[in-house]
Colleague: 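Structure incoming, see below.
This is a predicted model, so every value here is computed, not measured.
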Amino acid sequence: ILVDCGSKENIVRSLSSMPISLKVVPYDYDYTESENYDGVFISNGPGDPQDYKQTIEIIKKALKIGKPVYGICLGSQLLALASGAKTYKMQFGNRGHNQPCIDLETKKCYITSQNHGYAVDDKSLPTNWKVIFRNLNDNSVEGIAHKTKPFYAVQFHPEACPGPTDTSFIFERFYKSL
């Protein structure tokens, strides 16, 4: 299931390039009650993530089911809110095709494409979640993951086109989690 909150077409292309059946649903569609699915991918989109109350409630139900849930940008913020964390409006936001982010596990730095004005408050993450990527310019959260379940999200855009494709492995990681 791809939850379309304003998805870029290249997210659809990236997921469709893998041997999966993809169903795109609107942000307010409750796939947990009516769909047989193996995983959920929450797209990017505009606006304040706290305004997506219905989407957050659906994601909470998906988390209880326990199948893989991944997110990009707004999808990362929505996943964080559904897990019990908080988001905040950034003073300037992170925008552009050259934002350096570090993978906190491997210490590898990636050049990423970004366009967001909200971020996840790392101090509010529940104890069973961890920060996995940080922005090297402002130290903001760029990725979160559950410590034991297949829930994973990044704030940057691994589907960026044009832009750096350093992090396109995120889609392969989602596929392997299915």
Side-chain angles (χ1 to χ4, degrees), residues 1-16 18 20-90 93-95 112-126 128-133 140-147 149-160 167 170-171 173-175 177-178:
I1 298 286
L2 171 59
V3 179
D4 185 354
C5 300
S7 180
K8 291 182 180 180
E9 186 62 29
N10 209 33
I11 293 175
V12 174
R13 275 191 221 107
S14 297
L15 290 170
S16 295
M18 297 176 195
I20 60 173
S21 296
L22 183 64
K23 181 169 186 172
V24 181
V25 301
Y27 71 96
D28 59 353
Y29 177 76
D30 191 347
Y31 47 87
T32 65
E33 295 180 359
S34 57
E35 301 294 336
N36 182 18
Y37 64 92
D38 295 313
V40 176
F41 206 101
I42 310 159
S43 83
N44 63 300
D48 184 339
Q50 295 178 42
D51 291 342
Y52 287 78
K53 294 185 186 336
Q54 190 173 5
T55 311
I56 294 165
E57 290 306 312
I58 296 167
I59 296 167
K60 284 180 183 179
K61 292 196 292 187
L63 294 176
K64 287 180 184 173
I65 292 170
K67 294 180 180 181
V69 179
Y70 275 50
I72 291 175
C73 197
L74 176 67
S76 179
Q77 298 159 15
L78 295 174
L79 182 58
L81 290 168
S83 75
K86 294 179 180 169
T87 58
Y88 64 93
K89 181 150 180 54
M90 302 173 80
N94 288 335
R95 308 191 193 290
T112 66
S113 178
Q114 298 188 20
N115 186 22
H116 62 272
Y118 291 85
V120 174
D121 177 359
D122 57 335
K123 292 175 185 68
S124 70
L125 276 174
N128 53 350
W129 286 79
K130 61 184 176 179
V131 175
I132 55 172
F133 285 96
S140 62
V141 173
E142 291 289 347
I144 59 172
H146 194 277
K147 291 179 180 177
K149 296 182 180 175
F151 309 148
Y152 184 95
V154 294
Q155 185 63 58
F156 50 81
H157 289 272
E159 82 287 356
T167 57
I170 301 295
F171 295 103
R173 187 176 283 174
F174 173 69
Y175 172 68
S177 76
L178 299 175

Colleague: More than 12 non-hydrogen atoms from neighbouring residues, nucleotides or ligands closer than 6.0 Å to NZ on K149, yes or no?
Modeller: no

Colleague: When you look at NZ of K147, are more than 12 heavy atoms from neighbouring residues, nucleotides or ligands closer to it than 6.0 Å?
Modeller: yes

Colleague: For S113 and H157, indicate whether the former's side chain and the latter's backbone hold a donor-acceptor pair under 3.5 Å.
Modeller: no

Colleague: Short question: side chain of S76, backbone of G71 - any donor-acceptor pair under 3.5 Å?
Modeller: no

Colleague: Kindly compute the distance separating CG (L78) from CD1 (I42), expressed to the nearest 0.5 Å.
Modeller: 6.5 Å

Colleague: Would K67 count as a cation-pi partner of Y37, with NZ or CZ less than 6.0 Å from the six-membered ring centre and within 45° of the ring normal?
Modeller: yes

Colleague: Shortest non-hydrogen contact from A85 to L125?
Modeller: CB-CD2, 3.8 Å

Colleague: Nearest 0.5 Å, please: how far is CD1 in I11 from CG in N44?
Modeller: 4.0 Å

Colleague: Which heavy atom in D38 sits nearest to a heavy atom in L178, and how many Å separate them?
Modeller: O-CD2, 3.5 Å

Colleague: Using atom types as modelled and distance alone, determine if a side-chain donor or acceptor of Q77 lies under 3.5 Å from a backbone N or O of Y118.
Modeller: yes

Colleague: Please lay out, stage by stage, how K23 and Y31 fare under the test side chain to side chain contact (heavy atoms under 4.5 Å, CB included).
Modeller: CA-CA 10 Å; K23 181 169 186 172; Y31 47 87; over 6 Å; no

Colleague: To the nearest 0.5 Å, what is the distance between OH on Y70 and CZ on R173?
Modeller: 6.5 Å

Colleague: By the definition side-chain contact (heavy atoms from CB on, under 4.5 Å), identify the one residue from V25, D28, L74 that meets it with V3.
Modeller: V25

Colleague: Salt-bridged, E159 to R13, with N to O below 4.0 Å?
Modeller: no

Colleague: Should K89 and Q50 be marked as a side chain to side chain contact (heavy atoms under 4.5 Å, CB included) after you check the CA-CA gap, both sets of side-chain angles, and the distance that decides it?
Modeller: CA-CA 10 Å; K89 181 150 180 54; Q50 295 178 42; over 6 Å; no

Colleague: Between D121 (side chain) and Y88 (backbone), is there a donor-acceptor pair under 3.5 Å?
Modeller: no

Colleague: What's the shortest heavy-atom distance between G6 and S43, and which atoms?
Modeller: N-OG, 3.7 Å

Colleague: At their closest point, which heavy atom of A153 faces which heavy atom of L79, and how far apart are they?
Modeller: CB-CD2, 3.8 Å

Colleague: Above 12 or not: heavy atoms from other molecules or residues under 6.0 Å from CG of N36?
Modeller: no

Colleague: Over 60° means perpendicular and under 30° means parallel, so tell me whether H146 and W129 are parallel, tilted or perpendicular.
Modeller: perpendicular

Colleague: Let's go through L81 and Y52 carefully: what are the C-alpha distance in whole Å and the side-chain angles of both, what is the deciding distance for side chain to side chain contact (heavy atoms under 4.5 Å, CB included) to 0.1 Å, and is it a yes or a no?
Modeller: CA-CA 10 Å; L81 290 168; Y52 287 78; over 6 Å; no

Colleague: So which atom in L2 and which in S7 form the shortest heavy-atom distance, rounded to 0.1 Å?
Modeller: CD2-OG, 4.0 Å

Colleague: Is F171 atom CZ crowded by more than 12 heavy atoms from other residues, nucleotides or ligands, each under 6.0 Å away?
Modeller: yes

Colleague: Go through the steps for Q155 and N94 under the test side chain to side chain contact (heavy atoms under 4.5 Å, CB included), then give the verdict.
Modeller: CA-CA 10 Å; Q155 185 63 58; N94 288 335; over 6 Å; no

Colleague: Where do I144 and V141 come nearest, in terms of heavy atoms and distance?
Modeller: CG2-CG1, 3.7 Å

Colleague: I'd like to check N115 versus C73 (side-chain heavy atoms, cut-off strictly below 4.5 Å). Are they in contact?
Modeller: no

Colleague: Per the ring-ring contact (aromatic ring centres under 6.0 Å, His included) rule, which among Y175, F174, Y152 passes with F41?
Modeller: F174

